[in-house]
Student: 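Supplied in structure tokens, the structure appears directly below.
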Amino acid sequence: MPLISPRPFAFMVPLVAAGLLAGCDKQTPADTQPQSAASAPAAQAEAPSPPNGSLDISNRGAAMPDFTFSDPSGKKIRLLDLKGKPVLINLWATWCGPCKLEMPALDALAGAKADKLAVLTISQDSDQAAAVDAFFKDRKLTHLAPWLDPENALSQHYNTGVLPTTVLYDAQGKEVWRMIGSHDWAGPRTDAMLADTLR
């Protein structure tokens with residue numbers, strides 16, 4: 001029996017199109033970096049809001065894309081080289097409040113599941129390697145690496161229009177599900193969502 005049935009989540013799909021998620025709008029103005037959907041000064045305080053991302057299984061079985069990313073030091077990682085172990089890819093940005101709030105829980109998840117799951121947080125900041133590196137150092141994220149995607153290749157590939165977006169691949173490099181918007185990665189639902197893939 002599959003972990004997730006398409007039926008309970010079918011009603012959530014319109015929420016993605018309407019942009020009513022706890023995430024950041026990824027629409028890019030012609031001459032500026034994308035802005036958070038909550039760009040008012042009050043939002044800069046990063047006041048916590050309940051995560052209400054939507055679980056999407058419509059791309060289940062899709063192959064992991066063949067992209068290579070680097071970190072601020074120039075170290076590279078190729079996604080397809082990670083086959084053989086489940087991979088959780090999180091797209092985030094330093095200007096996205098909900099993304100930043102998720103990072104400590106993703107870091108803890110990466111540490112707790114290190115033997116069974118690779119967790120990659122890939123920044124969608126344009127030309128902001130120093131800011132991404134500083135964010136990781138300031139927050140003391142020890143189980144994650146500051147991977148960079150300054151061309152937003154993954155955002156274009158997944159085409160959700162929302163950050164954060166997080167995608168789970170199984171050990172064969174096939175998509176299991178994607179979380180569009182924010183999620184409580186430290187909550188009990190996470191273990192249930194990962195259970196079948198990590199056995």
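Numbers for residues simply follow the sequence, beginning at 1.
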Student: Can you measure from NZ (K100) to CZ (R139) and round to the nearest 0.5 angstrom?
Tutor: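 Result: 6.0 Å between the selected atoms.
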Student: Taking all atoms of both residues into account, what is the closest heavy-atom pair of S123 and V132, and its distance?
Tutor: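 Answer, listing the atom of S123 first, then V132: OG-CG2, 3.3 Å.
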Student: Could you work out, with side-chain hydrogen bond (donor to acceptor under 3.5 Å, both in side chains) as the rule, every residue matching T68, not counting sequence neighbours?
Tutor: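 Result, side-chain hydrogen bond (donor to acceptor under 3.5 Å, both in side chains) vs T68: none returned.
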Student: Out of the candidates L91, I57, N59, only one should pair with R178 under the side-chain contact (heavy atoms from CB on, under 4.5 Å) rule; please name it.
Tutor: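 Only one of L91, I57, N59 forms a side-chain contact (heavy atoms from CB on, under 4.5 Å) with R178, namely N59.
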Student: Please check: side-chain N/O of Q128 versus main-chain N/O of A93, any donor-acceptor pairing under 3.5 Å?
Tutor: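 A pair under 3.5 Å: no.
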Student: Say you draw a straight line from OG1 of T94 to CG of D125; how long is it, rounded to the nearest 0.5 Å?
Tutor: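 It comes to 3.5 Å.
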Student: Identify all side-chain donor-acceptor contacts of residues 162-170 below 3.5 Å with residues at least two apart in sequence or on another chain.
Tutor:
residue, atom, partner, partner atom, Å
T165, OG1, T160, OG1, 2.8
T165, OG1, V162, O, 2.7
T166, OG1, N90, ND2, 2.8
Y169, OH, Y158, OH, 2.8
D170, OD1, Q172, N, 2.9
D170, OD1, G173, N, 3.1
D170, OD1, K174, N, 2.9

Student: Taking the side chain as every heavy atom from C-beta outward, state whether L109 and L194 have any pair of such atoms under 4.5 Å apart.
Tutor: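 They are in side-chain contact.
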Student: For residues 75-83, dump all side-chain donor-acceptor pairs below 3.5 Å to protein atoms at least two apart in sequence or in another chain.
Tutor:
residue, atom, partner, partner atom, Å
R78, NE, D66, OD1, 2.7
R78, NH2, D66, OD1, 3.2
R78, NH2, D66, OD2, 2.9

Student: I need the minimum non-hydrogen distance between Q124 and I122, along with the two atoms involved.
Tutor: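 The answer is NE2-O, 3.3 Å.
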Student: Identify the heavy atoms of A114 and K85 that sit nearest to each other, and give their distance.
Tutor: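 Scanning both residues, the minimum pair turns out to be O-NZ, 2.6 Å.
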Student: K137: which residues meet the side-chain hydrogen bond (donor to acceptor under 3.5 Å, both in side chains) condition with it, sequence neighbours left out?
Tutor: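 D133.
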Student: Do you know which two heavy atoms are closest between P150 and S126, and how far apart they sit?
Tutor: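 In this case the closest contact between P150 and S126 is O-OG, 3.6 Å.
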Student: With sequence neighbours excluded, give me every ring pair (Phe, Tyr, Trp, His ring centres under 6.0 Å) pair touching residues 180-199.
Tutor: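 Counting only pairs at least two positions apart or across chains, the ring pair (Phe, Tyr, Trp, His ring centres under 6.0 Å) contacts touching residues 180-199 are H183-W185.
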Student: Just jot down the side-chain hydrogen bond (donor to acceptor under 3.5 Å, both in side chains) partners of S70, sequence neighbours excluded, or say none.
Tutor: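 Once residues adjacent in sequence are excluded, S70 has no partner under the side-chain hydrogen bond (donor to acceptor under 3.5 Å, both in side chains) criterion.
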Student: What salt bridge (charged side-chain N to carboxylate O under 4.0 Å, His left out) pairs are there with at least one residue in residues 102-116, not counting sequence neighbours?
Tutor: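 As it turns out, the salt bridge (charged side-chain N to carboxylate O under 4.0 Å, His left out) pairs with a partner in residues 102-116, which skip direct neighbours, are K113-D191.
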Student: I'd like to check the side chain to side chain contact (heavy atoms under 4.5 Å, CB included) partners of A186; sequence neighbours left out, ordered by chain and number.
Tutor: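 A186 satisfies side chain to side chain contact (heavy atoms under 4.5 Å, CB included) with A105, D184 once adjacent residues are dropped.
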Student: So which pairs with a foot in residues 103-126 pass ring pair (Phe, Tyr, Trp, His ring centres under 6.0 Å), sequence neighbours left out?
Tutor: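 Every candidate ring pair (Phe, Tyr, Trp, His ring centres under 6.0 Å) pair involving residues 103-126 fails, so no pair, neighbours aside, qualifies.
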Student: Enter the distance from M103:CE to C96:SG here, rounded to the nearest 0.5 Å.
Tutor: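 Going from the CE atom of M103 to the SG atom of C96 covers 10.5 Å.
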Student: Test side chain to side chain contact (heavy atoms under 4.5 Å, CB included) on V119 and L144; report intermediate values, then the result.
Tutor: CA-CA 7 Å; V119 179; L144 299 172; 3.7 Å; yes
Student: Excluding sequence neighbours, so at least two apart, what forms side-chain hydrogen bond (donor to acceptor under 3.5 Å, both in side chains) with S73?
Tutor: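 Residues passing side-chain hydrogen bond (donor to acceptor under 3.5 Å, both in side chains) with S73: D71.
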Student: With sequence neighbours excluded, tell me which residues meet side chain to side chain contact (heavy atoms under 4.5 Å, CB included) with A145.
Tutor: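 Scan of A145 (side chain to side chain contact (heavy atoms under 4.5 Å, CB included), adjacent residues dropped) gives W147.
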Student: If we only count heavy atoms from C-beta on, is the P65 to L154 side-chain gap below 4.5 Å?
Tutor: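 The answer is yes; the side chains approach within 4.5 Å.
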Student: Over 60° means perpendicular and under 30° means parallel, so tell me whether F67 and H157 are parallel, tilted or perpendicular.
Tutor: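 Taking H157 first and then F67, their aromatic rings stand perpendicular (interplane angle over 60°).
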Student: Tell me, with the steps shown, if T121 and F136 meet side chain to side chain contact (heavy atoms under 4.5 Å, CB included).
Tutor: CA-CA 11 Å; T121 50; F136 269 70; 3.4 Å; yes
